[in-house]
Amino acid sequence: MKGRTIVITSGKGGVGKTTTTANIGTGLAMRGHRVVVIDTDIGLRNLDVVMGLENRIVYDLVDIIEGSCKMHQGMIKDKNNQDLYLIPAAQTRDKNCITEEQVKELCSKLESEFDYVLIDCPAGIEQGFKNAIAAAEEAIIVTTPEVSAIRDADRVIGLLAAAEIHNPKLIINRIRPGMVKRGEMMDKDDIVDLLAVEVLGMVPADDRLITATNQGVPVIHDKRAVSGAAFSRITARIDGDDVPLMDLDPKTGIMGKVKEIMGMNRGAYSHA
């Protein structure tokens with residue numbers, strides 16, 4: 001059966017997209033699937049560090065595409081799961097050194113061997129973004145409950161639709177329930193109201209996630225981490241399970257100001 005290729009993107013950098021990719025990939029592998037995660041952020045690779053595999057790199061994505069090594073030589077097996085592999089980005093090359101067609105061709109080969117091919121998309125909407133989305137049929141957008149991040153997510157939704165990647169799913173990262181309750185941060189309904197996309201999951205702000213990331217161990221391995229539990233739910237939903245969203249007991253409070261800043265209103269704007 002053909003594997004699923006999913007691009008994980010954000011538009012804006014610094015929202016936790018790479019950490020999300022590592023945890024979803026790990027979670028799917030923990031559920032018994034064969035998974036490969038690809039870092040397409042050429043020149044600024046980070047996925048290897050988040051997964052604790054930076055010392056194992058010999059070849060990279062560009063080496064595979066250019067034929068400097070065989071596809072399997074460029075893959076790094078995860079330390080904790082034999083069914084999880086990483087294809088790292090090249091650090092000393094430029095994003096323009098590969099093409100959309102080359103990424104498509106590689107992912108087509110990977111789909112015949114893996115259940116899931118996850119593409120970690122670089123920040124921005126330039127050539128690196130175009131390369132990353134070229135092979136994908138599904139997309140997950142990562143945002144934080146901040147106006148700038150949501151504005152960028154809105155832009156990415158439009159670009160994905162133009163590339164015929166419809167119905168993307170949304171992960172809302174770094175939610176602080178206390179701030180939401182005090183009306184100082186947007187909640188899920190606020191964000192859905194603005195972006196008109198389905199929420200795949202919500203990840204609360206969590207110091208244990210920061211610690212795990214710094215240690216190169218995806219937080220989904222940490223059974224005491226609330227963020228790890230959130231990623232487990234997200235992974236289950238991707239895999240087709242009917243799992244409820246994590247209940248963070250949010251309340252609304254700043255929507256009027258946010259809509260004014262973004263220049264959006266419910267009646268005039270929709271991605272539906």
Side-chain angles (χ1 to χ4, degrees), residues 3 5-10 13-95 97-98 102-103 106-107 109-110 113-123 128 131-132 142 173 203 206-225 227-228 231-232 235:
T5 296
I6 305 172
V7 64
I8 300 174
T9 184
S10 63
V15 297
K17 171 180 49 57
T18 296
T19 299
T20 296
T21 303
N23 279 283
I24 290 175
T26 300
L28 289 168
M30 289 167 69
R31 291 173 67 87
H33 295 291
R34 281 179 55 79
V35 183
V36 58
V37 294
I38 308 174
D39 189 345
T40 59
D41 196 358
I42 296 172
L44 291 170
R45 72 181 179 212
N46 283 306
L47 188 53
D48 56 306
V49 175
V50 174
M51 296 177 70
L53 300 174
E54 66 274 15
N55 293 326
R56 299 189 177 192
I57 296 174
V58 178
Y59 298 106
D60 55 47
L61 173 62
V62 176
D63 290 325
I64 294 173
I65 284 176
E66 292 184 342
S68 301
C69 68
K70 294 181 180 179
M71 186 173 74
H72 286 275
Q73 287 180 304
M75 294 183 191
I76 304 168
K77 184 181 288 189
D78 184 63
K79 293 183 293 188
N80 300 304
N81 197 306
Q82 63 179 2
D83 291 322
L84 176 61
Y85 292 81
L86 164 70
I87 296 178
Q91 244 185 334
T92 58
R93 302 292 295 273
D94 182 83
K95 290 179 173 63
C97 71
I98 63 174
Q102 288 172 324
V103 176
L106 174 61
C107 289
K109 292 177 183 176
L110 293 169
E113 296 188 30
F114 290 89
D115 301 311
Y116 288 92
V117 179
L118 304 182
I119 302 173
D120 183 18
C121 183
N131 290 340
V142 182
N173 196 21
V203 182
D206 183 9
D207 289 345
R208 297 186 76 89
L209 186 150
I210 297 170
T211 300
T213 301
N214 287 337
Q215 293 174 343
V217 180
V219 75
I220 198 168
H221 286 297
D222 184 350
K223 298 190 183 303
R224 292 185 296 169
S227 56
F231 280 121
S232 292
T235 301

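Looking only at side-chain heavy atoms (C-beta outward), I8 and V142 come within less than 4.5 Å of each other. With a 4.5 Å cut-off on side-chain heavy atoms, M30 and H221 count as touching. Put simply, the side chain of N173 does not reach to within 4.5 Å of the side chain of V15, judged on heavy atoms. Contact annotation: the side chain of P88 never approaches that of L47 to less than 4.5 Å [non-hydrogen atoms, C-beta and beyond]. F231 is listed as a side-chain neighbour of L209, based on a closest heavy-atom distance under 4.5 Å. Side-chain atoms of T213 and V219, non-hydrogen and from C-beta on, never get closer than 4.5 Å to each other. Contact check for L110 versus M71: side-chain heavy atoms found under the 4.5 Å cut-off. Side-chain contact check for L61 versus D39: every heavy-atom pair is 4.5 Å or farther apart.
Across all non-hydrogen atoms, the minimal contact from L28 to L118 is CD1-CD1, 4.3 Å. Shortest non-hydrogen contact noted between I64 and G74 is CD1-CA, 3.7 Å. Between P122 and A132 the shortest heavy-atom distance is CD-CB, 4.1 Å. When all heavy atoms of V50 and A22 are compared, the closest pair comes out as CG1-CB, 3.6 Å. The minimum heavy-atom distance linking E54 with V49 is given by the pair OE1-CA, 3.6 Å. Closest approach of K17 and S10 over heavy atoms only: CE-OG, 3.5 Å.
Taking D41 as the reference, K95 meet the salt bridge (Lys or Arg N to Asp or Glu O under 4.0 Å) condition, with sequence neighbours excluded.
The structure places CG of L84 at 4.0 Å from CE of M51, a figure rounded to the nearest 0.5 Å. For the atom pair OG1 of T21 and CG of N46, the computed distance is 11.0 Å after rounding to the nearest 0.5 Å. With rounding to the nearest 0.5 Å, the separation of CG in N81 from CZ in R31 is 13.0 Å. A distance of 8.5 Å separates CD of Q91 from CG of L44, quoted to the nearest 0.5 Å. Atom CZ of R93 and atom CZ of R45 lie 12.5 Å apart (nearest 0.5 Å). Once rounded to the nearest 0.5 Å, the distance linking CG of D60 with CD of E66 reads 8.5 Å.
The 12-atom threshold is exceeded at CG of N214, counting heavy atoms of other residues, nucleotides or ligands nearer than 6.0 Å.
Legend: ring-ring contact (aromatic ring centres under 6.0 Å, His included) pairs involving residues 36-67, not counting sequence neighbours: none detected.
Side-chain atoms of R208 do not come within 3.5 Å of backbone N or O of S227 as any donor-acceptor pair. Checking side-chain atoms of D63 against main-chain N and O of C69 turns up no donor-acceptor pair under 3.5 Å. Side chain of D48 to backbone of L53: no donor-acceptor contact under 3.5 angstrom is found.
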Could you walk me through whether I57 and I76 pass side-chain contact (heavy atoms from CB on, under 4.5 Å), step by step? CA-CA 7 Å; I57 296 174; I76 304 168; 3.4 Å; yes

